[in-house]
Amino acid sequence: MSDLLALEDVHVSYGPFHALRGVGLTVGEGEIVSLLGGNASGKSTTMKAILGLTRVRAGVVRLAGEDVTHRSTAHRVRAGISSVPEARRVFPEMTVDENLRAGAYTRRDRAGVADDLDRMRELFPRLAERRRQQAGTLSGGEQQMLAVARALMSRPRLVCMDEPTMGLAPRLVDQVLDEIARLNRELGVAVLLVEQQAELALSIASRGYVLATGQIALRGTAAELLDDPRIHEAYLGKAVPA
Amino acid sequence: MLDTLVAGLLRGNVYALGAVGISLVFGVMNVVNFAQFSFFGLGAMLAWFFVAQEGLPFWLALPLVLVVCAGLGLLVNVAVVRPLARFLPLAAMLSTYAVSQILDNASQLAFTAQFRVFPKVLPTSNLHVGSMRFGTSDLVMLGVTATVMLGMSAFLRYGKVGQAIRATAQDQEAALQVGIPVGLVQHLSFVIASALGGLAGVFVSLYVGVANPTSGLTTGMTAFVAAALGGLGSLVGAVVGGFVLGIVEAFGISLAGDTARQIIVFAVLVVVLVVRPGGLLGKVPLIATEPLTGTFLGKGRPLRVPRWVWPAAFVLGGIVVPFVADDYVLTTGTQVLVYAVIAAGFTVTAGQAGVVALGQAGPIAIGAYTSALLTLHLHVSFWVALPVAGLVAAVIASILSSPVWGVKGHYVSIATLGVGTAIVAVIQLVLPQGIYGIPVPTWAGTPLSTPRAYYLVDAGVLALTLLVTWRLRASHLGKVISSVGSDEVAALASGVRVRDYKALAFAVSAFFAGIGGSLLAHQYTYIDPTIFTMLMSLLVVTIVIMGGVSLPYGAVVGSLVLIGAMELLRFTPELRIIAYGLVLILVVRFRPGGILVRTA
Ligand SMILES: Nc1ncnc2c1ncn2[C@@H]1O[C@H](COP(=O)(O)OP(=O)(O)OP(=O)(O)O)[C@@H](O)[C@H]1O
Ligand SMILES: [Mg+2]
């Protein structure tokens with residue numbers, strides 16, 4: 001099976017600090033994979049490496065077989081990755097519609113973009129109601145929807161989401177996760193879901209990886225990981241790399 | 001009345017164009033771009049050159065000017081701003097000032113410093129409404145500006161690229177993530193800003209009737225204030241700020257005369273920033289984003305200096321040099337020492353409290369004038385006048401700056417720049433001619449008028465300065481000030497009155513600036529307001545950055561390099577400014593913490 005996304009032995013450093021020490025993971029076409037780990041374990045850094053927002057010191061990032069390790073973020077977006085950034089960073093002083101269009105920045109097909117805009121309004125009726133509202137004035141949950149919808153506007157094959165449930169009320173957390181599962185089902189887009197809350201993320205994922213201090217400490221199917229007692233140790237940073 | 005209003009609109013129109021450029025670049029780069037100043041002067045000179053020298057029609061010359069300015073703007077960003085902004089936005093900002101000096105001097109070399117009469121391309125007083133006269137020229141200027149502004153806002157609102165610019169300004173990282181080529185957007189913003197600057201420059205010359213390579217500075221400064229007034233990053237704010245300043249200025253000048261210009265401009269700025277710390281239309285910056293302050297702190301470790309270096313430096317600088325060097329070297333040495341005193345004092349503000357104040361020329365001037373007036377008119381001894389100069393500088397500068405400390409981020413620097421400039425402008429208003437015959441110090445009846453004597457006096461003062469700043473750093477008070485600089489939020493949370501300590505640190509720095517001013521006054525024996533320029537203020541900041549912003553002895557090294565080496569290499573003033581710029585760019589690029597600080 002050819003993977004949509006593959007990281008091979010990826011190393012990232014911030015100055016002298018070695019943040020990722022040989023991370024390997026794969027995401028298949030149409031799959032939901034969750035990347036788990038405690039604070040500062042390197043989840044966001046892994047996402048940045050995938051998106052080309054930080055320099056990869058060693059290793060390879062492959063997208064549908066193509067080596068994109070040294071390609072720009074814009075190139076990767078065109079090649080099919082998009083992202084929902086940490087802390088749902090919508091463009092606060094742009095309207096909902098403008099935010100959605102920004103998501104389609106790399107696309108040249110005007111008609112297709114217009115279609116997708118309509119589709120996002122169908123998928124997220126709340127956003128349709130508020131299309132002319134400044135994104136910064138939306139509620140937290142609405143901003144989260146907008147960030148997800150914006151990511152979908154580039155017609156991605158894979159969406160990377162960095163803690164999309166962070167700071168949301170428990171009821172909204174479930175709603176957002178359901179939404180992600182639905183988008184995956186209906187649109188067939190693969191999702192790499194970065195999460196701290198393992199049980200929640202694994203409830204919609206097929207597989208998962210657990211990061212600890214910049215290394216993959218555990219990996220397996222969602223069911224395996226949910227049963228594995230070591231997952232708790234990994235969160236405490238005690239686990240030995242498997 | 002109506003005439004004044006129209007004059008204000010015409011000025012405001014120019015400021016608005018310039019301010020939009022400054023705000024645009026600030027939005028996408030988070031860098032205050034002083035190089036924008038040069039594009040006013042450059043636009044004016046280029047237009048003069050194409051029209052008066054080459055005989056091109058105005059409608060052809062104008063686009064040519066815009067293209068040249070746009071190209072130069074791109075070059076500035078590619079070569080200087082973008083490489084530096086990644087490391088240190090503050091360094092990028094200081095370098096843009098160096099770039100503006102380079103551009104102004106290059107323009108002087110190309111066009112000479114003469115004032116040129118700008119050809120009358122359009123009639124300037126052929127129309128009237130009632131008793132008010134104006135010309136087609138004025139209408140065309142307002143019309144072009146209105147068109148440009150409307151075009152810009154439509155482009156930013158509806159254009160795909162315009163939206164990318166806005167997205168980048170609002171959240172650079174999110175913009176990258178949706179695939180916006182942020183680097184290109186930044187280049188484009190520089191191109192637009194520089195072309196707007198050039199356009200504004202052409203308008204100034206059309207309006208004033210003369211052009212000169214350095215004429216951009218006053219216009220540029222005002223445009224910059226307009227951008228800050230409106231809220232950096234807000235384009236509507238820039239337009240509002242430009243027109244508000246233009247009109248206020250026009251009425252101010254008609255009431256108080258042209259000399260009051262700068263005072264009015266900066267007074268308006270400081271008042272607005274105090275009332276609305278983010279500018280008229282800007283967002284109030286959050287405490288968490290301090291783009292300038294604290295930039296250097298924790299960035300590296302000072303190099304380990306072997307113990308023998310201190311006595312060796314003391315013996316060399318204080319005993320060997322004064323007795324072997326010739327007068328020329330000693331005269332240079334006095335300059336090095338005086339700037340070292342000022343800069344070492346400044347490390348308390350910049351390095352410890354983490355406030356990059358850009359107006360040190362203000363307290364230096366206060367010290368110089370206090371000392372000169374005391375000795376000349378009240379016949380006070382130099383030895384009494386010297387500390388009094390420091391105290392007066394500290395008190396006045398602190399009182400004037402006291403509203404500033406609640407302001408955040410870039411605005412602190414801008415506001416201190418405003419206060420410093422306003423101080424010098426007030427002095428210029430009160431004592432425009434300068435002071436001659438300032439008495440030389442005497443010691444036991446002998447006048448200390450030789451370069452060697454000056455050198456020894458300055459060396460003694462420097463030794464005391466270093467001692468005081470060093471002891472201060474080690475004291476409890478010094479530690480509290482440092483805590484304010486390294487983590488303002490934490491300091492606030494633990495009950496430290498951040499504002500008060502910033503003000504205190506600034507007072508200490510102003511004291512030494514005043515002392516330095518006094519030393520300069522008695523060595524020059526002549527002072528006038530043109531000595532205390534923005535360049536002087538930036539030189540102090542540059543010296544401190546060069547040596548390591550939190551190291552008082554780094555100030556000595558910075559001063560040796562920036563004052564001493566430049567002088568001994570016998571650089572001409574123009575070359576020297578270019579060299580400051582290059583040295584600064586190189587240091588920041590390769591040793592962002594300063595020469596004496598190793599980056600981790
Ligand atoms: N730009 C940076 N410069 C220096 N260190 C960084 C930088 N970004 C992240 N780090 C460090 O790298 C480590 C991993 O950070 P990362 O953001 O990837 O963690 P995370 O797993 O996403 O944590 P969280 O769950 O808190 O978001 C942390 O120790 C962090 O301090
Ligand atoms: Mg994270």
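Proteins come first, then strands; the chains are lettered A, B, ... in the order of their sequence lines, and each starts at number 1. From a predicted model like this one, the values you see are computed outputs, not experimental measurements.
Residues E98(A) and R101(A) are not paired through a salt bridge, judged by the lack of any N-O separation under 4.0 Å between the basic side chain and the carboxylate.
Side-chain atoms of Y209(A) come within 3.5 Å of backbone atoms of T26(A) as a donor-acceptor pair (strictly under, hydrogens ignored). Proximity of a side-chain donor or acceptor of Q163(B) to a complementary backbone N or O of R157(B) within less than 3.5 Å is detected. A donor-acceptor contact shorter than 3.5 Å links the side chain of R76(A) to the backbone of V68(A). The closest donor-acceptor contact from the side chain of R182(A) to the backbone of L123(A) lies under 3.5 Å. Under the 3.5 Å distance criterion, the side-chain polar atoms of D109(A) are left unmatched by any main-chain donor or acceptor of A111(A).
The two residues N184(A) and V189(A) come nearest to each other via the heavy atoms ND2-O, 2.7 Å.
Contacts with chain B (heavy atom to heavy atom, under 4.5 Å) involve these residues of residues 41-65 of chain A, listed by number: K48(A), L51(A), L53(A).
For R110(A), no part lies under 4.5 angstrom from a heavy atom of chain B. Within the 4.5 angstrom heavy-atom criterion, no atom of A169(B) approaches chain A. For A104(A), the part sitting under 4.5 Å from any heavy atom of chain B is the backbone (N, CA, C, O) and nothing else.
Highest contact tally toward chain B, considering only A151(A), A102(A), G136(A), S82(A), is held by A102(A) [criterion: heavy-atom pairs under 4.5 Å].
Residues F190(B) and V78(B) are not in side-chain contact: their nearest non-hydrogen atoms beyond the backbone lie 4.5 Å or more apart.
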